[in-house]
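Below, read A as the first sequence line, B as the second, and so on, with proteins coming before strands; counting in each chain starts at 1.
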There are 2 protein chains.
Amino acid sequence: MFKVPDHQVAGHEARDGKLGPLVDDLGCFYKPLQDDDRGSKELAFYTKFSSMPEITSHIRRFFPTFHGVQTLAASDGSGPRPHLVLQDVVFGRVNPSVVDIKIGSRTWYPQASEDYVNRCLKKDRETTSLLLGFRISGLKIYGGDRSGFWKPEKKVVQSFTLQDVRFVLRKFVSCNLETPDSVTDPDCSFASAVYGGTGGILSQLLELKEWFEDQTMFHFNSCSVLMVYEKESVLRGETSGAEVKLIDFAHVTEGDGVIDHNFLGGLCSLIKFISDIVNDTEKCWN
Amino acid sequence: MFKVPDHQVAGHEARDGKLGPLVDDLGCFYKPLQDDDRGSKELAFYTKFSSMPEITSHIRRFFPTFHGVQTLAASDGSGPRPHLVLQDVVFGRVNPSVVDIKIGSRTWYPQASEDYVNRCLKKDRETTSLLLGFRISGLKIYGGDRSGFWKPEKKVVQSFTLQDVRFVLRKFVSCNLETPDSVTDPDCSFASAVYGGTGGILSQLLELKEWFEDQTMFHFNSCSVLMVYEKESVLRGETSGAEVKLIDFAHVTEGDGVIDHNFLGGLCSLIKFISDIVNDTEKCWN
C-alpha cells in the first residue's frame, strides 16, 4: 500500500533503509515526524494553518492539504512512527517535471541555535541563496520517451551558479532535451504555456507575492516553492497542469505583525527570472 | 559660506572638530570623500548613475542630484579635501521632520571583508534590521514652536525595538507632540496628509518598489530612505511637502542581472508599516 514516491526531487529519500516519506495510491503523502523539534514544528504549523478561517481557498490551494497524523511503519525499518498525512502534490501525474526552489536569501532565523545559524549562513553563502534570494534544491525534467528524466545529482544541484539557475529555469520549459545534459541552448518552447498565461506559473507566483506583501502571521523560513507541470499534456495541446505549491514548514516562525520580507524578496527575484524568460520568448515569437 | 547642516539626523556630523558634511546657502550638500574605498565607491556610483539614460526622471527624482566633486576645507580642520557636491534635500525647508531608515535585513554583501561582514551581521541582529528588514538610523520630529524638535540620541535610536519603530512611524505624523517624549499614544492626525494620498510618502514608496521589482543594475547595500515633510505647511492647509529620497551609496554593488531582493524585501516591510497607519487612520475617520 505504501511506496517510495516516484517524483521526489529534494530532501531525505526513503531508500536504502533510510527514513523518508511514503505515498499511497489514493493521493496521500506520508512525511515521517522527525525526532527533533522539526517534526513537531511542522505539525504545529499545519494544524494552525489548516484551522485559520482567514486563509482563503485562493491562498490555501498553494499549500498541500493536511489530513492529520497517522502512525505507520517507518521506511527505515525502525518500526511504527507518526507521519504527517499530506496531499501528494504530484498524484495522478504521469511524467511530471518538477523543480524545488528554497526561497529566501537567509534560511536561518533569530530564534534558531547559533550552530544552526552558522551552518545555514555558510550554505546560503556557498549556494545562490545569498546572491539570488533563492536556490534550487532539486529538480527532474522530463525529456521524452527516449531520454526520460534529467535529474542531476544532489552535489551538482548544490553547486549551481547564477548561470546554472538561469539555464535550468529555461531548460525546465524547453523541448530540445533529447540530450538532456548537453549544453544546447534551451529553446523555451513551453515558456508561454507553462510560465505565462492565465493560470500559468508566473500568475500563480504573482498571487502568492500579493499575499506575502500583506500577511504578517508566518515567516516561512527555509520553505520551498515547488513548480510542477506535464510536458506531454502541453505536447498534446492540453493544459500544462502548471502548479505552484509551498512545501517544508519545519522552520516556520510567528510573523508577529511583520511581513516575511526575506521570503518576499526571494520570491520577487524568482518572479523576475521567470518573467524575463516569458518576455524573451514573446519577443522571439513576435 | 559653508556651514554644518541643520537637519542632519544620521551619520558623521561636522561638529567638535570632526569630519562631516557641509551645506551652502544655495542648496548644495558637500559630503567629504572618505579616505578608504567608501568615498571612491560612492563617487563611482553617482558618476555612473547620473549618466545612465535608462534612469527616467520619474526614478531620478528619488536620488539627490549630483553636481560633481569639489575640493574645500574639511570640517575637521585637516585642510583641503575633495567633497561630493550633492543636492541638499532639505534645502529651503524651515522646520522639516526627517527620518532616516536604513533598508535591508542584511547590510553586508558577499564582496565585503569578513571583518565588515561580521560587524554588520552583529548590528543587523542587535537592531531591528533582521526582524523588520529595516532600522531607523536617525530622526527629528518637529513638535511646534514651544516644544521644538524631538531628536532622540543615537544610542536611543540604535536600541529601538519593533514597538519603538511602530511608535516613531506614528509619532512622525502626529499632532500631539507638545510633550514629545511622553508615552501619549500618537494621534496620527497628519497620516493621510503625509503618508496617504497622491504624491504622499506611501505612493512614492510604491513607485520605488515597482522600480526595485525590475531593476537589476545596482544592489543598494546599506542605503537609506529619507522621509521628509513640513508640519507647519500641513497646519496651514498647504501641501505637506512629503518627500522620499534614497541616500548613502558607499556600499552599492553591481546587480549583475539580479534584482536587489534584500532592499526590496525591506522596502515592502516599511510600506506595510506605513500603509497600516494610513488604513488605521482612515478607519478612525470613517
For atom CD of B/E153, decide whether the heavy atoms of other residues, nucleotides or ligands shown that lie under 6.0 angstrom number more than 12.
no
Find the distance between CG (B/N262) and CG (A/N262) and round it off to the nearest 0.5 Å.
8.5 Å
Quick check: are there more than 12 heavy atoms from other residues, nucleotides or ligands sitting under 6.0 Å from CD of A/E210?
no
Is it true that a side-chain atom of A/H261 and a backbone atom of B/L131 form a donor plus acceptor pair closer than 3.5 Å?
yes
Tell me, do A/L130 and B/W108 make a side-chain contact under 4.5 Å, heavy atoms counted?
yes
Shortest non-hydrogen contact from B/V258 to A/S269?
CG1-OG, 4.1 Å
Is chain B contacted by the side chain of A/L132, its backbone, both, or neither, given a heavy-atom distance below 4.5 Å?
both
Do other residues, nucleotides or ligands put more than 12 heavy atoms under 6.0 Å from A/K245 NZ?
yes
What heavy-atom pair brings B/P110 and A/R125 nearest, and what distance separates the two atoms?
O-NH2, 4.3 Å
Separation of A/S275 OG from B/D214 CG (nearest 0.5 Å)
7.5 Å
Considering non-hydrogen atoms only, spot the tightest contact between A/D256 and B/L162 and give its length.
O-CD2, 3.8 Å
Are A/Q215 and B/K272 side-chain neighbours, meaning at least one heavy-atom pair lies under 4.5 Å?
no
Where does B/V165 contact chain A at under 4.5 Å (heavy atoms): side chain, backbone, both or neither?
neither
Please flag which part of B/I271 lies under 4.5 Å from any non-hydrogen atom of chain A: side chain, backbone, both or neither.
neither
In Å and rounded to the nearest 0.5 Å, what is the CG to SG distance from A/L267 to B/C268?
10.5 Å
Go through B/T216, B/L121, B/I259 and name the one with the most non-hydrogen pairs under 4.5 angstrom from chain A.
B/I259
Answer yes or no: does atom NZ of A/K41 have more than 12 heavy-atom neighbours from other residues, nucleotides or ligands under 6.0 Å?
yes
